[in-house]
Amino acid sequence: MPLKMHNTLTGLEDEIIPGGVKKNNIKDYPPVTIYSCGPTVYSYAHIGNLRTFIFNDLLNRYLKFRGFKVQHAMNITDVDDKTIKGAREEGVTLKEYTEKYTDIFFEDLKTLNIEPADFTPKATESIDAMIDILEKLKEKGIAYDKDGSLYFSISKFPDYGKLSNLDRREIMSGLRYDTDEYEKEDVRDFALWKAAKEDEPSWDTPFGKGRPGWHIECSAMVRKIFGKTIDIHTGAVDLIFPHHENEIAQSEAAYGEQFVRYWIHPEHLIVDGAKMSKSLGNSYTLMDLREKGFSPRSIRYLLLATHYKKQLNFTFDGVKQADNTLERVDNFLLRLNDIADGKENNTGIESIINTFLDKFTETADNDLNISGSLGVFFDFVHEINSLINEDKISKNDAEKVMKAIEKIDSVFGFIFFKDNKENEIDSERIEKLIEERNEARKAKNFQKSDEIRDLLLAEGIILEDSKDGTRWKIRK
RNA sequence: GGCGCCGUACCCAAGUGGCUAAGGGAGAGGUCUGCAAAACCUUUAUGCAGCGGUUCGAAUCCGCUCGGCGCCUCCA
């Protein structure tokens, strides 16, 4: 079964074929080249942004799980209207301002266990690559100059609109196109390069001082880093038009070859059924949620668990449900670790594990159906739990099961998630108290044994007795 | 007006023409346990927004209606 992903460009679920040439073995493919639209670093990222980045992470992790090599680039937009305005308001330089939010952004990614991209280019460090595109577009007569700014003439690019079906769409009457302050020949043309203004950052170029238009940086970075057609380009649905449409226009007009093979667009997140917005007061940052006591791990799970093509309705109740789900996962891991020596190996364990991994892959191959894969995972948990109850899992079997779980957690990233509470616990003291309690239990002094259990519970330590002994865990 | 996503149990959420509609959360009953906890078992949709149609057969395809959300405004 090949991996298929929904491609906005074709409207179909297309098999992912890195490099565009089909091979028999995944190992023979060149690395999958991926470019993701990253953040504009003018503020803290909100959970909607983070959903998109968690989707990118899932995609990258799954490709690697499937045996593909991956080269992933994600840009940092560090010059635009909002960053310039923000820096001015805070009275700092653009660089100081954007570096602050860039650092916070990377910290958020780390907190959510999102693997770093291989390349994280900044717009302000990619001006040369932009100039290259702009010169080619000028030579070809596709870009034109007006009052020191450069515009892209969409009438010169017949394919314009192929991503968003613009050619088949009518423009809503009365819609204001010209929100830009700059003059254009055709209202639908877009700015490639904006003429320098007083008190705005600018760069020297062969066509005068100025700063980048919004779309040019992505085209430039893709070219600078990969140098040719890339496989996958991701970004949330709102970017399909105009941003990605314009990227295609610039890149394909300048270089005369296909820009991207697969366009993948995760849906938006909404909050309590409504669009997230600052005026509704339902726009949350990661820090907001942590202050409310929600763990990054639960947030990762929640943002991951819904299929990326479906709008995700974020609620606090949802995070609590995620918390409970993860507790079930943790209990399962504890049970596996607690299996005592001396039990017989289960001859069927390999087959159970292989079936599990095959089903997991088969489900995820279908447009990254994470919800289906989670279902497969919980079926497996259930099956193994039952075997543990029946004493049909040896320590050796448990290790094999753990290996399989580690493997799929290379995709999920929430199973062995480290929440940093654990270090503060004095486990030696707890073990001692457990021993004391078990002696009391043996002597049928249940009053004392319950006292010890309550004492630990008050500290957030839960004790659980089983026929293999007593285990403890931290209460969430 | 154009383009697009969606409506599955109390909540979240798979399923893309064919066995009794995954899975998670929550609730109820049971097994185990000194008691708990954990785990396991049973249980909660003769029905998938509504109405028609295509088909031997539809949650799945088509049409219409109702409802939610998004983009067409440098929003992920």
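In the text below, chain A, chain B and the rest are named by the order of the sequence lines, each starting its count at 1.
Straight-line distance between the P atoms of C11(B) and A45(B): roughly 14 Å, to the nearest whole Å. Annotation: U60(B) and U54(B) have their C1' atoms spaced 14 Å apart (nearest Å). Going from the P atom of C32(B) to that of G27(B) covers 23 Å, rounded to whole Å.
Side-chain atoms of Thr234(A) and Asn56(A) form a donor-acceptor pair, as typed in the model, at a separation below 3.5 Å. Side-chain N/O atoms of Ser394(A) and Glu344(A) include no donor and acceptor closer than 3.5 Å. The closest side-chain donor-acceptor pair between Asn346(A) and Asp397(A), if any, does not fall under 3.5 angstrom. Judged purely by distance below 3.5 Å, without hydrogens or angles, the side chains of His268(A) and Asp238(A) pair a donor atom with an acceptor atom. With hydrogens and angles left out, the side-chain atoms of Thr470(A) and Asn438(A) include a donor and acceptor closer than 3.5 Å. A side-chain N or O of Asn331(A) and one of Lys473(A) form a donor-acceptor pair less than 3.5 Å apart. Asp80(A) and Tyr42(A) share no donor-acceptor pair across their side chains, judged by distance under 3.5 Å alone.
One atom, OH of Tyr284(A), and another, C1' of C75(B), lie 19 Å apart when rounded to the nearest Å. In this structure, CG of Asn369(A) is placed 7 Å from P of A14(B), rounded to the nearest angstrom. Here the P atom of nucleotide A38(B) and the NZ atom of Lys467(A) are 16 Å apart, to the nearest Å.
Here Leu50(A) lies out of heavy-atom contact (under 4.0 Å) with every strand. Using a 4.0 Å heavy-atom cutoff across all strands shown, His215(A) reaches no nucleic acid atom at all. Among the atoms of the strands shown, base atoms are found under 4.0 Å from some heavy atom of Met276(A). If you check every strand for non-hydrogen atoms under 4.0 Å, Lys320(A) touches nothing. Residue contacts for Ser449(A): at a heavy-atom cut-off of 4.0 Å it reaches a base atom on one of the strands shown. Here Ile240(A) lies out of heavy-atom contact (under 4.0 Å) with every strand. Within 4.0 Å of Gly38(A), counting heavy atoms only, lies no atom of the nucleic acid at all. Within 4.0 Å (heavy atoms only), His243(A) reaches no atom of the nucleic acid at all. At a threshold of 4.0 angstrom between heavy atoms, the contacts of Asp323(A) with the nucleic acid are absent. Within 4.0 Å of Asp379(A), counting heavy atoms only, lie sugar-phosphate atoms of the nucleic acid but no base atom. Across all strands shown, Lys275(A) has heavy atoms under 4.0 Å from base atoms, whether or not it also approaches the sugar-phosphate. Nucleic acid contact for Gly318(A): none, since no nucleic acid atom lies under 4.0 Å from a heavy atom of the residue. Within the nucleic acid shown, Asn49(A) comes within 4.0 Å of at least one base atom, counting heavy atoms only.
C35(B) makes up no base pair with any nucleotide shown, lacking Watson-Crick or G-U wobble contacts both under 3.5 Å. Base pairing of A76(B): no nucleotide in any strand meets the Watson-Crick or G-U wobble criterion (both distances under 3.5 Å). With a cut-off of 3.5 Å on both Watson-Crick or G-U wobble distances, the partner of G63(B) is given as C51(B). When both pairing distances are held under 3.5 Å, A28(B) makes a Watson-Crick or G-U pair with U42(B). The nucleotide G4(B) finds its pairing partner in C69(B), both defining distances of the Watson-Crick or G-U wobble pair being shorter than 3.5 Å. The base-pairing partner of U20(B), taking Watson-Crick or G-U wobble contacts with both distances under 3.5 Å, does not exist among the strands shown.
For G24(B), the OP1/OP2 oxygens have a side-chain nitrogen or oxygen of Arg328(A) closer than 4.0 Å. The phosphate of C75(B) has OP1 or OP2 within less than 4.0 Å of a side-chain N or O from Lys82(A). A close approach under 4.0 Å does occur between a side-chain nitrogen or oxygen of His382(A) and OP1 or OP2 of C41(B). Residue Thr306(A) has a polar side-chain atom (N or O) positioned under 4.0 Å from OP1 or OP2 of A13(B). Taking only side-chain nitrogens and oxygens, Asn313(A) never comes nearer than 4.0 Å to OP1 or OP2 of C69(B). When the side-chain nitrogen and oxygen atoms of Ser371(A) are compared with OP1 and OP2 of A14(B), one or more of them lie within a distance under 4.0 Å. An OP1 or OP2 oxygen of A38(B) is reached within less than 4.0 angstrom by no side-chain nitrogen or oxygen of Asn385(A).
The side chain of Arg441(A) lies closest to C35(B) when the candidates are C35(B), A76(B), A38(B).
An aromatic stacking contact between Phe378(A) and the base of G23(B) is absent, as defined here by ring centres under 5.5 Å apart and ring planes under 30° from parallel.
If you check distances only, the side chain of Thr52(A) does reach the base of A76(B) with a donor-acceptor pair under 3.5 Å. Between the side chain of Asn366(A) and the base of G15(B), no donor-acceptor pair under 3.5 Å is found. The base of C12(B) lies outside donor-acceptor range of the side chain of Gln321(A), with no N or O pair under 3.5 Å. Applying the 3.5 Å distance criterion, the base of C35(B) shares a donor-acceptor pair with the side chain of Asp465(A). No hydrogens or angles were tested; on distance alone, a donor-acceptor pair under 3.5 Å links the side chain of Arg453(A) to the base of A36(B).
Closest of all the heavy-atom pairs between Ser36(A) and Asn75(A) is O-OD1, 3.3 Å.
Comparing Ile47(A) and Gly375(A), the nucleotide of RNA chain B nearest to each residue sits closer to the 5' end for Gly375(A). Toward the 5′ end of RNA chain B lies the nearest nucleotide of Thr315(A), the other residue of the pair Asn331(A) and Thr315(A) mapping further downstream.
Under the ring-ring contact (aromatic ring centres under 6.0 Å, His included) rule, Phe414(A) has a single partner from Phe416(A), Phe412(A), Phe417(A), which is Phe412(A).
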